[in-house]
Amino acid sequence: MQLRIEGLSHRYGDVAVLDNVCLVVDAGRIACIVGPSGCGKSTLLRLVGGLEEPGSGRILQVGEPPKRSLNPLTYIFQDFALLPWRTVAGNVSLVLEDHGLTRRDREAIIGDVLERTRLAEFRDAFPRQLSGGMKQRVAIARALAVRPAVLLMDEPLSALDSQTRELMMDDLVDLWKRENLTGIYVTHNLHEAVRLGHRIVVMSRRPGRILETVEIDSPVWDRDASDPALETTRRHLWTAMRDEARAVDLELTGD
Amino acid sequence: MTDTREPARPVRFRGGGFAPRPVRLAGPAVFLVLVAAWEAGARTGVISPLVLPAPSEAIGALVELWVSGELWEHLAASLSRLLLGWVSGTVLGGLIGLAIGLFSLVRAGLAPLVAALFPIPKIALLPLFIIWFGIGEESKVALILFGTLFPTVIFTYGGVDNVDRTLIRMGQSFGLGWFSIVRKIILPGALPAILSGMRVSSAIAIILIVAAELIAAERGIGAYIQIAGSLFATDQLIAGVALLSVFGLTVNWLIARAERLLLRWRP
Ligand SMILES: Nc1ncnc2c1ncn2[C@@H]1O[C@H](COP(=O)(O)OP(=O)(O)O)[C@@H](O)[C@H]1O
Ligand SMILES: [Mg+2]
């Protein structure tokens, strides 16, 4: 399934947040969106996920999602969004309960995704007992459980400390490799963007427009953090973003 | 690098404190010391029995009440009114509070009304309730229902308002239905506030039932206290008040148990 965003603009009251954003995400590819904070990245993702209605422009799913997909457009949230009153298995179960699956099928899916995210032995733990990295792995397990066609990730690693983030990046690379996922990955971290993305989109400050698009064709699992080519790309992206970030830094916050 | 002749002293500790820790037996000890002092005061004549009877006399009155079998009659009368009124007030209040929390129209219509009626001392309405529902059980149950309804409504919709919106968006983003979101995300999220509301409403219920029984009842702990008061049987009066205190403590303990069981997940 391909995702096509055409001429998307959006405003909250008087505040224009997105301005004519166009983006195509091909099947099996990850688009990274980078941009200064407040430029409308989360808004863009909410629009794509159908949690908000766009002011103008269109968001199109091209092609049918796979039959077995329970929730074609699936989120991974920055703050994990786990139900604190449900166990690890319960949190995964939550998103399967409204799909008319038998208990047996649900258990099978839960067992499978917890296995794939190395959480099998924590299935009865409550979120408060888990580290940040484990919580995000639960969120990933939950997302995988509904067999998404497109993953929408809003700064999934930003709430984690830098070591955990490094480890989780390896996990995500593994995931891309195994599952052949399509996704939009929002981040403000250029290291993450060049490690994980096939297409990197730099957004301007509010109202967010697309400033620059960079393609990185090498498979993510072949990328090395110390690769000079990646470092050059990162520098290039930073140059494109720096002035915007500096301007944002000098603005008064809207709220 | 370091000059060994410079005076060296350990850094002074200035943290600590401001962290309550459980000290067992302190509570019961204070209670025992107070009762013992009171008993001693009464025995030595410092406290005149006319002013305040000795605790032992109050205990005697209680034993008498128990032996005569009246204790259960009074307790059963109070307890049944209390349960009926409190349960119906809590269920109704929970439903109204949930509706206010979920629907803007209901909120706009009812929230001001609830705010206006909550502060009225409900006991002032007892005469009205007696006219409407008769002198029997109905007026007392209605009084408790009415008294527990408003705090329950307020705590419930406060709890619903405080449910983390990102959790609700999460539910929507996974395609959960409306009822699933209410049942699996909003209600559990509001549960801590609802239980706090139960704590408050149960205290209000106890105060109201006794007040109602003081005014108009033949049976019940309030009635027992009222009769004792009119006869100046202060030992019985103290016994009745002690019963109420035990009542309150028991309810508190039950709710604490419920919280520990239902809110195990809390950090
Ligand atoms: N629901 C909303 N109502 C009004 N303004 C909003 C809302 N959500 C976001 N905004 C504003 O839109 C802008 C973009 O927000 P957001 O998409 O969260 O940015 P980012 O994720 O890139 O940091 C911000 O200025 C923010 O204040
Ligand atoms: Mg954001």
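In what follows, every chain begins at residue 1, and chains take the letters A, B, ... in the order their sequences are listed.
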Checklist entry - What part of A:L70 is in contact with chain B, defined as an atom under 4.5 angstrom from a non-hydrogen atom: side chain, backbone, both or neither? => result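 Neither the backbone nor the side chain of A:L70 comes within 4.5 Å of chain B.
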
Checklist entry - By a 4.5 Å heavy-atom criterion (distance strictly below it), what part of A:L73 contacts chain B: side chain, backbone, both, or neither? => result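 Looking at A:L73, just its backbone touches chain B.
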
Next on the checklist: Quick check: do A:L82 and B:M170 have side-chain heavy atoms less than 4.5 Å from each other?
Outcome noted: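 SC-SC contact between A:L82 and B:M170 ruled out.
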
Next on the checklist: If you apply the rule side chain to side chain contact (heavy atoms under 4.5 Å, CB included), what do you find for B:F174 with A:V146, and how did you get there?
Outcome noted: CA-CA 8 Å; B:F174 278 97; A:V146 292; 3.9 Å; yes

Checklist entry - So what's closer than 4.5 Å to chain A heavy atoms on B:L262: side chain, backbone, both or neither? => result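 When you check distances to chain A, no heavy atom of B:L262 falls under 4.5 Å.
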
Could you work out all donor-acceptor pairs shorter than 3.5 Å where one atom is in chain A and the other in chain B?
{"residue": "A:N71", "atom": "ND2", "partner": "B:S173", "partner atom": "O", "Å": "3.0"}
{"residue": "A:W85", "atom": "NE1", "partner": "B:K184", "partner atom": "O", "Å": "3.1"}
{"residue": "A:E97", "atom": "OE1", "partner": "B:K184", "partner atom": "NZ", "Å": "2.8"}
{"residue": "A:D98", "atom": "OD1", "partner": "B:S180", "partner atom": "OG", "Å": "2.8"}
{"residue": "A:D98", "atom": "OD2", "partner": "B:G177", "partner atom": "N", "Å": "2.8"}
{"residue": "A:D98", "atom": "OD2", "partner": "B:S180", "partner atom": "OG", "Å": "2.9"}
{"residue": "A:R128", "atom": "NE", "partner": "B:R264", "partner atom": "O", "Å": "3.4"}
{"residue": "A:R128", "atom": "NE", "partner": "B:W265", "partner atom": "O", "Å": "3.1"}
{"residue": "A:R128", "atom": "NE", "partner": "B:R266", "partner atom": "O", "Å": "3.2"}
{"residue": "A:R128", "atom": "NH2", "partner": "B:R264", "partner atom": "O", "Å": "2.7"}

Checklist entry - Which value, rounded to the nearest 0.5 Å, describes the distance between B:L167 atom CG and A:L83 atom CG? => result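 Result: 5.5 Å between the selected atoms.
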
Item to check | A:D174: partners by side-chain hydrogen bond (donor to acceptor under 3.5 Å, both in side chains), with sequence neighbours left out | outcome: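 For A:D174 there are no side-chain hydrogen bond (donor to acceptor under 3.5 Å, both in side chains) partners, ignoring immediate neighbours.
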
Item to check | Contacts of A:S56 that satisfy side-chain hydrogen bond (donor to acceptor under 3.5 Å, both in side chains) - sequence neighbours left out | outcome: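 side-chain hydrogen bond (donor to acceptor under 3.5 Å, both in side chains) list for A:S56, sorted by chain: empty.
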
Item to check | Proximity of residues 21-35 of chain A to chain B, residues having a non-hydrogen atom under 4.5 angstrom | outcome: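 Residues in range: none.
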
Checklist entry - Should the heavy atoms of other residues, nucleotides or ligands under 6.0 Å from CD of A:E6 be counted, would the total exceed 12? => result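 Counting neighbours around CD of A:E6, more than 12 heavy atoms of other residues, nucleotides or ligands fall under 6.0 Å, so yes.
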
Checklist entry - Nearest heavy-atom pair of A:V95 and B:L176: which atoms, and what distance? => result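 Residues A:V95 and B:L176, closest heavy atoms: CA-CD1, 4.2 Å.
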
